[in-house]
Q: 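Questions regarding the structure given below will be posed in turn.
Hydrogens, waters and symmetry mates play no part in the numbers below; they use all other heavy atoms, side chains included.
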Amino acid sequence: MYKDEMTPKERMTAFAKGEPMDRLPCVLNAGVTMSSIIGATCKQYVFDPDVMVETETAMFNRYRHDSVGISITLRGMAEAMGSVMNYPEDNISLLEKPVVEKPEDVDNLTIVDAHKDGKMPLVLDALQRLRDRIGKEGNVGAGMAGPFSVAASVVGTENLLRWMVKKPEVVHKVMDMVTLCNEQYIKAVGELGFKGVSFSDPVSSTSLLKVKQFKEFSLPYLTRNIAHVKQYCGSKPMVHICGTSKALWRDCVEAGIGTFSLDNIEDLAEAKEIMGKDVVITGNVPPVDVMLYGDREMIRKSVRECIRKAWDSPKGYILSTGCQIPKGTSLENLEYFMEAGREYGHFPLDFDKLNED
């Protein structure tokens, strides 16, 4: 049994400085989907900062993963801007009614107040209390959706995709307002002393967009929000894009990110080759096929493969999943993930073990 010789905070501090570590960093990308660890539902998590704090504390105490975060969720900013969400009792939220249904509705959008609107005040409160709880040993960060993915919940994905072709000027107006609203939350996080914000931007995937569309409608606004993270938090953010994203990697690097998180559909070895000299890469154990439906051996095999491909990425590699760990994933499978990360990622690496497939 491999035991940690450093606290998560010590490990990530060493990682950031390029100093020796006991093992590769391991991150569990979970949050609301693992509220069951304290017997709570997803709905209780998003409506109650106490549940957020208790869930994340329980996760940290059990798994000792290297980065803990609370996100306003993929649809949280759109809700603060006026969209209506449906909250199933024990699953992630769904868009019920976008705030912008007709092009003329865009003119009614206003800039949010991060301390008053939607569930942002709840998350800001939870972030502070979680930092007070585990901050001496763990790293606590904030998460949110990238501007294009927020826009999908402001106008509805179908309208967004249609208007890019038929009403591009409307989409640009929406994107500008979303970017300004995102800035307000980033600023609030920075004012509380948090050193970073991560973006999840699934709707920017080339599984949905042409590269040309990404460059016109997503990248300029994402670049602005990346600059806001640097301005208010003093760091370069992580960006996660679901699905296919290889054609966007260099654009994201040039936009100023510090870390890129890969979906499991993409290849870590290619990511290392294309952007490993410029940014940290993280991923990409399959969250569904392996973490949700897999067993201990499948998880160990996938962890070995990820580490083999990316452990020597020049700017660094963080073992994680290819996307958020799904609702229903067993607590034991998270144990197996951390167990494998500690064993196969322990320095000096044992290449006989890594190559035992």
Side-chain angles (χ1 to χ4, degrees), residues 11-12 14-21 23-27 29 66-67 146 196 198-202 204-215 218-219 222-223 226 235-287 289-291 299-323 337 340-341 344-357:
R11 185 175 303 109
M12 293 307 288
F15 179 79
K17 294 179 178 179
E19 295 175 351
M21 300 175 290
R23 63 164 171 82
L24 286 169
C26 303
V27 172
N29 183 359
D66 291 303
S67 183
S198 297
F199 296 104
S200 180
D201 203 5
S204 284
S205 169
T206 50
S207 300
L208 288 173
L209 298 185
K210 297 176 181 178
V211 174
K212 181 180 178 181
Q213 291 174 316
F214 172 78
K215 287 177 180 288
S218 178
L219 182 61
L222 179 62
T223 301
I226 289 169
S235 67
K236 296 181 178 182
M238 183 188 81
V239 169
H240 172 78
I241 297 179
C242 296
T244 57
S245 61
K246 185 168 81 168
L248 315 179
W249 291 348
R250 289 309 309 174
D251 286 323
C252 289
V253 169
E254 290 163 16
I257 65 170
T259 303
F260 194 94
S261 168
L262 276 78
D263 190 294
N264 53 283
I265 200 170
E266 295 288 13
D267 185 72
L268 282 170
E270 289 185 329
K272 179 176 72 174
E273 180 67 26
I274 292 171
M275 58 180 166
K277 291 181 180 179
D278 300 296
V279 299
V280 175
I281 57 174
T282 179
N284 65 347
V285 172
D289 292 345
V290 174
M291 293 302 298
I299 292 169
R300 289 171 66 82
K301 181 177 180 180
S302 184
V303 167
R304 286 197 299 271
E305 181 181 6
C306 288
I307 294 175
R308 276 200 307 266
K309 287 183 175 183
W311 73 271
D312 59 347
S313 193
K315 285 291 185 179
Y317 169 65
I318 298 172
L319 176 70
S320 188
T321 48
C323 198
F337 173 88
Y344 298 116
H346 190 275
F347 292 123
L349 297 185
D350 185 335
F351 292 99
D352 290 335
K353 281 189 173 184
L354 273 178
N355 294 312
E356 64 185 19
D357 291 353

Q: Would you confirm whether Ser235, through its side chain, and Pro237, through its main-chain N or O, come within 3.5 Å as a donor-acceptor pair?
A: no
Q: Going by an N to O cut-off under 4.0 Å, is there a salt bridge joining Lys236 and Asp278?
A: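 Between Asp278 and Lys236 there is no salt bridge, as every charged N stays at least 4.0 Å from the carboxylate O atoms.
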Q: State, yes or no, whether a side-chain contact exists between Asp289 and Ser302 at a heavy-atom distance under 4.5 Å.
A: no
Q: Would you say that Asp66 contacts Arg23 through its side chain, given a criterion of any heavy-atom pair below 4.5 Å between the two side chains?
A: yes
Q: Identify the two heavy atoms, one from Ala14 and one from Pro20, that lie closest to each other, and give their separation to 0.1 Å.
A: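 Scanning both residues completely, I find the closest heavy atoms to be CB-O, 3.6 Å.
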Q: Can you list the residues that meet the side-chain hydrogen bond (donor to acceptor under 3.5 Å, both in side chains) rule with Arg308, with sequence neighbours excluded?
A: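 side-chain hydrogen bond (donor to acceptor under 3.5 Å, both in side chains) check on Arg308 returns Asp357.
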Q: Nearest 0.5 Å please: distance from the CG atom of Leu262 over to the OG atom of Ser320.
A: 11.0 Å
Q: Side chains of Phe214 and Cys252: does their closest heavy-atom pair fall under 4.5 Å?
A: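 Phe214 reaches Cys252 side chain to side chain.
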Q: Do you know which two heavy atoms are closest between Pro202 and Leu208, and how far apart they sit?
A: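 Looking at all heavy atoms of both residues, the shortest contact is O-CD1, 4.4 Å.
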Q: Any donor-acceptor pair under 3.5 Å linking the side-chain atoms of Thr244 with those of Ser207?
A: yes
Q: Looking at Glu305 and Lys309, is there a salt bridge between them, counting it only when a charged N and a carboxylate O are closer than 4.0 Å?
A: yes
Q: Counting only N and O atoms by type, is there a donor-acceptor contact under 3.5 Å from the side chain of Asp263 to the main-chain atoms of Cys242?
A: no
Q: Hey, is the main chain of Leu349 close enough, under 3.5 Å, to the side chain of Tyr344 for a donor-acceptor pair?
A: no
Q: If you measure from OG on Ser67 to CZ on Phe15, what distance do you get to the nearest 0.5 Å?
A: 11.0 Å
Q: Just so I know, are the side chains of Leu319 and Phe337 near enough to count as touching, which here means a heavy-atom distance under 4.5 Å?
A: yes
Q: Would you find a donor on one side and an acceptor on the other, under 3.5 Å apart, between the side chain of Asp201 and the backbone of Val239?
A: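 Side chain of Asp201 to backbone of Val239: no pair is present.
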Q: CD1 of Ile318 to SG of Cys306: how many Å apart, nearest 0.5 Å?
A: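 These two atoms lie 13.0 Å from each other.
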Q: Checking Phe347 now: which residues fulfil ring-ring contact (aromatic ring centres under 6.0 Å, His included) with it, not counting sequence neighbours?
A: none
Q: When rounded to the nearest 0.5 angstrom, what distance separates OG1 in Thr223 from CD1 in Ile257?
A: 10.0 Å
Q: Give me the atom names and distance for the closest heavy-atom approach of Gly243 to Glu266.
A: O-CG, 3.9 Å
Q: Heavy atoms, side chains only, cut-off 4.5 Å: are Leu24 and Trp311 in contact?
A: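 The answer is yes, as the side chains (C-beta and beyond) meet within the 4.5 Å cut-off.
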Q: To the nearest 0.5 Å, tell me how far Asp267 CG sits from Lys272 NZ.
A: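 Those atoms lie 9.5 Å apart.
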Q: Could you measure the distance from the CD atom of Glu273 to the OG atom of Ser313? Nearest 0.5 Å is fine.
A: 10.0 Å
Q: Which heavy atom of Phe199 sits nearest to which heavy atom of Gly146, and what is that distance?
A: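 Looks like CD2-CA, 4.0 Å.
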Q: Less than 3.5 Å apart, any donor N or O on the side chain of Thr282 or Ser261 sitting next to an acceptor on the other?
A: no
Q: Residues in salt bridge (Lys or Arg N to Asp or Glu O under 4.0 Å) with Lys246, at least two apart?
A: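 Applying salt bridge (Lys or Arg N to Asp or Glu O under 4.0 Å) to Lys246 gives Glu270.
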Q: Examine distances only and state if a side-chain atom of Arg250 and a backbone atom of Ile274 form a donor-acceptor pair shorter than 3.5 Å.
A: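 At least one qualifying donor-acceptor pair exists.
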Q: Considering non-hydrogen atoms only, spot the tightest contact between Asn264 and Pro287 and give its length.
A: OD1-CD, 3.1 Å
Q: Apply the test side-chain contact (heavy atoms from CB on, under 4.5 Å) to residues Val279 and Trp249: give CA-CA distance (whole Å), side-chain angles for both, the deciding distance (0.1 Å), then the verdict.
A: CA-CA 10 Å; Val279 299; Trp249 291 348; over 6 Å; no
Q: Of the non-hydrogen atoms in Gly345 and Ile307, which two are nearest, and what is the gap between them?
A: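 It is N-CD1, 3.7 Å.
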